[in-house]
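To keep things clear, I will list the structure first and then write my remarks on it.
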Amino acid sequence: MIELKAFTKSYYQSSRKKPVFSVDDISITVKTGKIVGLLGPNGSGKTTILKTICGFQFSTSGKIIVTDNESNQFDIESTPEAAMDLIGYVPEKSILPPDLTVYEFLEHAARMHCINESELKEKLAYVSKECSIQDVLTKKIKTLSKGYGQRVSFAQAIIHNPPNLILDEPISGLDPAQIIQMRNLIKKLSKTKAVIISTHILQEVYSLCDEMHIISKGKLVASGTEKEIISVTKTKNLEAAFLKLTDIEEK
């Protein structure tokens, strides 16, 4: 489980006397077995939230709590090492070492997570099968298609079997067949994990998410299922609700 409690991230600009808020007072809970979407325009604060959950930066105020498989809770700011153990992260743009083979890279990722040598081959076989990358294990990463590169990124994120999974625009740039494969993989993984997906593509929300949180200009403007958000905004569909909540003119 992942919990954001009054999470705020602000910074100062030399030209301004007051802080600029990237994300302001957001509270969200993502339970195990659920896929939750962070939906918002580019620059709304989605990536700021994800990076802070993963321990890449710290909040200005508020807390981010992650839970392990035994229901032990960890504050990311006071125990940032918990992020590495309890979270798998798939960035929007995968940064993979081009000159390593897929196997070499995943072997390195496993060792970074302190996976025992006795378990190493079993873990590599598991993620290779789950992510359908058995055929490219001996290939150098720089020779892979974007779709295979994304699968390798998924494989490194789940090699230590984390209870929480963070996905930043996970299907960006994939072709239709690859999109279907990624959706199926995400649905399968969500059965035992809490999953957050950041996206600005409404179709991904329809296809994957149990509920969503719509963010605009760093503020949480709506939360709930598709039907709940449509009902609250008194609009005809999610597209219209999204446009209304994010102050985007419908054309």
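We count residues from 1, following the sequence as given. Keep in mind that the numbers below use all heavy atoms, side chains included, and drop hydrogens, waters and symmetry copies.
The backbone N or O of Pro162 lies less than 3.5 Å from a partner atom in the side chain of Lys193, making a donor-acceptor pair. Between the side chain of Ser44 and the backbone N or O of Pro41, at least one donor-acceptor pair lies under 3.5 Å. A donor-acceptor pair is defined here as one N or O able to donate and one able to accept, closer than 3.5 Å; such a pair exists between the side chain of Gln150 and the backbone of Pro170. No donor-acceptor pair closer than 3.5 Å links the side chain of Asn116 to the backbone N or O of Ser118. In this structure, the side chain of Lys9 engages the main chain of Phe58 through a donor-acceptor pair within 3.5 Å. Within the 3.5 Å criterion, the main-chain N or O of Ala6 finds a donor-acceptor partner in the side chain of Ser27. Side-chain atoms of Thr199 come within 3.5 Å of backbone atoms of Ile201 as a donor-acceptor pair (strictly under, hydrogens ignored).
By the 4.5 Å heavy-atom criterion applied to side chains, His213 and Val36 are counted as neighbours.
Side-chain contact of Asn161 with Lys123: a donor-acceptor pair under 3.5 Å is absent, judged by distance alone. Side-chain contact check for Arg151 and Gln178: no donor-acceptor pair (N or O, by modelled atom type) lies under 3.5 Å. A side-chain N or O of Ser59 and one of Glu77 form a donor-acceptor pair less than 3.5 Å apart. Between the side chains of Ser22 and Thr48, at least one donor N or O lies within less than 3.5 Å of an accepting N or O. Inspection of the Thr52 and Gln57 side chains reveals an N or O donor paired with an N or O acceptor under 3.5 Å.
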Determine, stepwise, if the pair Glu3 / Lys63 fulfils salt bridge (Lys or Arg N to Asp or Glu O under 4.0 Å). CA-CA 8 Å; Glu3 292 181 89; Lys63 289 186 176 182; over 6 Å; no
I'd like to know whether Lys46 forms a side-chain contact (heavy atoms from CB on, under 4.5 Å) with Glu169, so could you lay out the CA-CA distance, the side-chain angles of the two residues, the decisive distance to 0.1 Å, and finally the verdict. CA-CA 10 Å; Lys46 304 187 301 296; Glu169 304 285 354; 4.1 Å; yes
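Taking the six-membered ring where the residue is Trp, His160 and His113 present parallel rings, their angle staying beneath 30° rather than reaching 60°.
In this structure, Gln203 places its CD atom where more than 12 heavy-atom neighbours from other residues, nucleotides or ligands lie under 6.0 Å away.
Of the options Glu119, Glu117, Glu104, a salt bridge (Lys or Arg N to Asp or Glu O under 4.0 Å) to Arg111 is made by Glu117 and by none of the others. With Val102 as the fixed residue, the side-chain contact (heavy atoms from CB on, under 4.5 Å) test singles out one of Thr138, Thr143, Asp135, Ile141: Ile141.
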